[in-house]
Amino acid sequence: MVRGSYSAARKAFEKVVSLEPDTVYSKLMIAGIKHKLGHYQDAIVDYQGLLTNNPDYLPALRGEGESQLALGQTFLDQFVDKNVLDCVQAALHVLTRAALVRPGLAGTWRLLGEAGSMCSVLPGEMVEVMVPSKLVRVGGGDEGEKMDKQGLLEVAVRCYTKALVLDGDNAGVWHDLALVQAALQQMDKAVQALRKAISLSPRQASTWVSLGLVYAKQEDWALAQHCLVRALQLENSALCWTNLGVVYLNLGEQTLANKAFKEAQNAEPSYTRGWTGQALVAEVAGFKSESMDLFRHCTFLGPEPESARGYGDWVCSTMAALEKGDKVETHNKYILEKMFGIVVGVDSLSSYCERNPGDDVALCQLGVLYEKMGLVRSGYKVMEMSNKLVKNTVEKDKVLTNLGRLLTKLGRCEEAIEHYQAISSTTFYSQVGLAMAHYSLGNYQQAYEAYESCLHWLADNDGLKSHILVAMGSLAYKVEGMQAAKTLLFQSCQLAPTSVRGLFALCVIGVQHSDMNLIEAALSEMVPH
């Protein structure tokens, strides 16, 4: 084991167990090797097997706690957030037992603090964990208490404080305590704890980085830059360069930010946030194709909130531009059509919205992408969530328009009409959606009136007016007959660009009534198309 031959060591200990099944030490070593090899679930099972016969065996209690935390961190990196909560809860219970067996070990209290602080990046709505009462208050019993994110972080602060009482010169514990205090928005306390950690271990680069991040949250950019530069003098890491690039980006120094992010990529090419930073620089500088491609590259490196949000935004904006007929970068169009842009966008925004359920714009974009994939019910579900969160009137109207369209596709046209009528500022698309909902219910007169308002007030170019006249013609054919429909369709053909569907409709009417002149006229107009 000392030279790192863990597989060989494991086989040796397994041989010992086969010869002497009751040996505790060999089983403990096997579990420890599995933990070192990253087989955390197998290690947890082995530790629990040891605790079956020896419920107060401290090495097994702490070993299981460490494996639960390592497994939770793996799930956290993979955005499997519900599993993280399960691991945190299990770790808190087993480590509390370890603290009761020997309360004078600072390491056990630090592990308890790590368990509580693991939820700091999760959304508050998601976090609900059963915590042993003995951790919550003095004289607590064996039962557990449900705690939210705020309460869990406060428990973590108390555990780190207890660890410092036992070992006050541990710079790592001071650093971890500061991170929890920063998560609780106790910035002044966090700065004091980090300064204490630096006084104990001034050459620890991670502590300088954390201090720089706290200053950045306080928008004290000069001190943040100083701390991050100091960290780089101690260690050339992608993390330091990326955070320094973010500081430069906030200061408007795009050239320096770009250089910092390039250095981050050189230090660690697989570090996602270094690439995300460069994508943001490209976006700010107006390089559309490069920005979208960099965000796309980030999605292949792994899940990361900022790049997931950015890529989803670019996919939606590119789709909107194509829908309107605007000019789109060739490479962006290629990503969307040939590189599964919409599917990857859904995956990216799904993971982002799980971690950030309060972002109404991201939820709206995810709903649109779900709809594009044909997952209408999923799209409606997240769009409804967005509708509950959105406050801005303009954005609210967009969300209501999307909800109306999705409800129409689901066959719930009465509800769709209610959503369309709740819109405060009518647009072309909302009015067309209202007309389609009325049409689906057989309310042809109301649908005709909605299209007529689009024609006169909302359609801003002849191409849209031509399409609207075709729609009105189809309704007139159902209600008033062929002559009224022909009049509207002829009006459609007189506009440029002409609606091809209108030409087809005229041709069909000519076939139905054996009007060869009408058929030939319609077909001749189709030639350019």
Side-chain angles (χ1 to χ4, degrees), residues 62 65-66 68-70 72-73 76 88 91-92 95-96 98-99 102-122 127 131 135-136 138 147 149-240 242-244 246-247:
R62 284 192 53 169
E66 290 175 0
Q68 292 282 9
L69 290 176
Q73 186 60 51
L76 195 66
V88 167
L92 286 170
L95 289 170
T96 301
R102 193 169 171 185
L105 283 178
T108 303
W109 292 104
R110 183 178 183 180
L111 289 171
L112 280 165
E114 289 179 12
S117 63
M118 188 171 285
C119 298
S120 62
V121 298
L122 300 182
V127 179
V131 180
L135 273 184
V136 179
V138 179
M147 300 202 75
K149 180 178 177 178
Q150 179 80 11
L152 201 58
L153 292 176
E154 290 172 356
V155 167
V157 169
R158 289 202 292 272
C159 291
Y160 280 130
T161 304
K162 177 65 175 178
L164 289 171
V165 169
L166 298 170
D167 184 11
D169 293 334
N170 191 319
V173 179
W174 281 106
H175 175 254
D176 294 344
L177 172 62
L179 296 181
V180 181
Q181 290 171 332
L184 288 167
Q185 302 302 316
Q186 300 171 0
M187 295 302 178
D188 292 336
K189 290 183 178 180
V191 169
Q192 292 174 7
L194 287 167
R195 284 179 172 174
K196 177 65 176 178
I198 288 172
S199 68
L200 294 169
S201 181
R203 299 192 62 79
Q204 189 67 35
S206 59
T207 310
W208 284 101
V209 172
S210 297
L211 183 58
L213 291 176
V214 172
Y215 280 132
K217 286 182 180 179
Q218 295 178 317
E219 297 189 359
D220 191 340
W221 304 114
L223 284 175
Q225 181 184 1
H226 166 73
C227 293
L228 293 169
V229 170
R230 177 62 181 150
L232 283 169
Q233 291 171 350
L234 297 170
E235 180 185 355
N236 182 39
S237 70
L239 177 65
C240 298
T242 300
N243 288 314
L244 184 60
V246 172
V247 170

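Side chains included, hydrogens not; waters and symmetry mates left out as well; all remaining heavy atoms used. Keep in mind it's a predicted model, so treat the numbers as computed, not measured.
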Could you check if a side-chain atom of [X] sits within less than 4.5 angstrom of a side-chain atom of [Y], using non-hydrogen atoms only?
X	Y	answer
R102	T108	no
M147	V136	yes
L69	M118	yes

Between [atom1] on residue [X] and [atom2] on residue [Y], distance to nearest 0.5 Å:
X	Y	atom1	atom2	result
L239	L244	CG	CG	11.0 Å
N243	S237	CG	OG	8.5 Å
L92	L152	CG	CG	6.0 Å
S206	L194	OG	CG	9.5 Å
L135	T96	CG	OG1	3.5 Å

side-chain hydrogen bond (donor to acceptor under 3.5 Å, both in side chains) contacts touching residues 184-196 (sequence neighbours left out) = R195-Y215
inquiry  = Tell me whether W208 contacts the main-chain N or O of C240 through its side chain, where contact means a donor paired with an acceptor under 3.5 Å.
reply    = no
Give the minimum heavy-atom separation between [X] and [Y], together with the two atoms involved.
X	Y	result
L153	G116	CD2-O, 3.9 Å
A99	L112	CB-CD1, 4.2 Å
A91	Q68	CB-CB, 3.8 Å
S117	A156	N-CB, 3.8 Å
A205	E235	CB-OE1, 3.3 Å
C119	V88	SG-CG2, 4.0 Å

ask   = side-chain contact (heavy atoms from CB on, under 4.5 Å) with W109: which of R158, E114, K162?
value = K162
request  = Kindly indicate, with the supporting measurements, whether the criterion side chain to side chain contact (heavy atoms under 4.5 Å, CB included) is fulfilled by R62 and L111.
outcome  = CA-CA 8 Å; R62 284 192 53 169; L111 289 171; 4.0 Å; yes
Report all side-chain donor-acceptor pairs from residues 169-181 shorter than 3.5 Å, counting only partners two or more places apart or in another chain.
residue : atom : partner : partner atom : Å
N170    : OD1  : G172    : N            : 3.0
N170    : OD1  : V173    : N            : 3.3
N170    : ND2  : D167    : OD2          : 3.4
W174    : NE1  : G168    : O            : 2.9
H175    : NE2  : S210    : OG           : 2.6
D176    : OD2  : R110    : NE           : 3.1
D176    : OD2  : R110    : NH2          : 3.0

